[in-house]
Amino acid sequence: MSLSCRRRRHLLVLEAAEMYIYNKHQYYIYIVTNPGRTVLYTGVTNNLPHRLIEHWMNRGDHKTFAGKYYCYNLIYLEEFQYIYNAIAIEKEIKG
């Protein structure tokens, strides 16, 4: 059974839409704090679990702000589809 040209185009459009949905990106702004909750660190990432592990592994490392102040406790996160929106909110938070 062969498909008409119109039908093939329709299927290609559906496949492209499915790929777009499959490749949908997620970006996060997040705020972490130290155990005493006296210091805040705000950041943007597309892989939150990995980034939180990095903060944990860097604790006590004076080469990074979050490490120097032991900021690794997640207290806030917000998800975005577009990186530009996440960066805009991060800048708003940081002032």
For [X] and [Y], which heavy atoms make the closest approach, and how far apart are they?
X: Thr38; Y: Thr33; value: N-OG1, 4.1 Å
X: Pro35; Y: Tyr72; value: CG-OH, 3.3 Å
X: Arg37; Y: Ile75; value: NH1-CG2, 3.4 Å

With rounding to the nearest 0.5 Å, note down the distance linking [atom1] in [X] to [atom2] in [Y].
X: Ile29; Y: Asn85; atom1: CD1; atom2: CG; result: 10.5 Å
X: Asn73; Y: Leu52; atom1: CG; atom2: CG; result: 9.5 Å
X: His62; Y: Lys68; atom1: NE2; atom2: NZ; result: 7.5 Å
X: Glu90; Y: Glu78; atom1: CD; atom2: CD; result: 12.0 Å
X: Asn58; Y: Thr64; atom1: CG; atom2: OG1; result: 4.5 Å
X: Tyr27; Y: Ile83; atom1: OH; atom2: CD1; result: 5.5 Å

Please test Tyr41 against His55 for ring-ring contact (aromatic ring centres under 6.0 Å, His included), starting from the C-alpha separation and ending with a verdict.
-> CA-CA 10 Å; Tyr41 175 88; His55 283 301; 5.1 Å; yes

Any donor-acceptor N/O pair, Asn34 side chain to Val39 backbone, under 3.5 Å | yes

Quick one: do [X] and [Y] end up in the same hydrophobic cluster if we chain Ile, Leu, Val, Met, Phe, Trp and Tyr together by side-chain heavy atoms under 4.5 Å apart?
X: Ile87; Y: Ile31; value: yes
X: Tyr76; Y: Leu48; value: no
X: Tyr84; Y: Val44; value: yes
X: Ile93; Y: Leu40; value: yes

Kindly check if the number of other-residue, nucleotide or ligand heavy atoms within 6.0 Å of OH (Tyr69) is above 12?
-> no

Lys63 atom NZ: more than 12 heavy-atom contacts under 6.0 Å | no

Audit row: Leu74, Tyr30, side-chain contact (heavy atoms from CB on, under 4.5 Å) steps and yes/no = CA-CA 7 Å; Leu74 181 68; Tyr30 64 96; 3.8 Å; yes

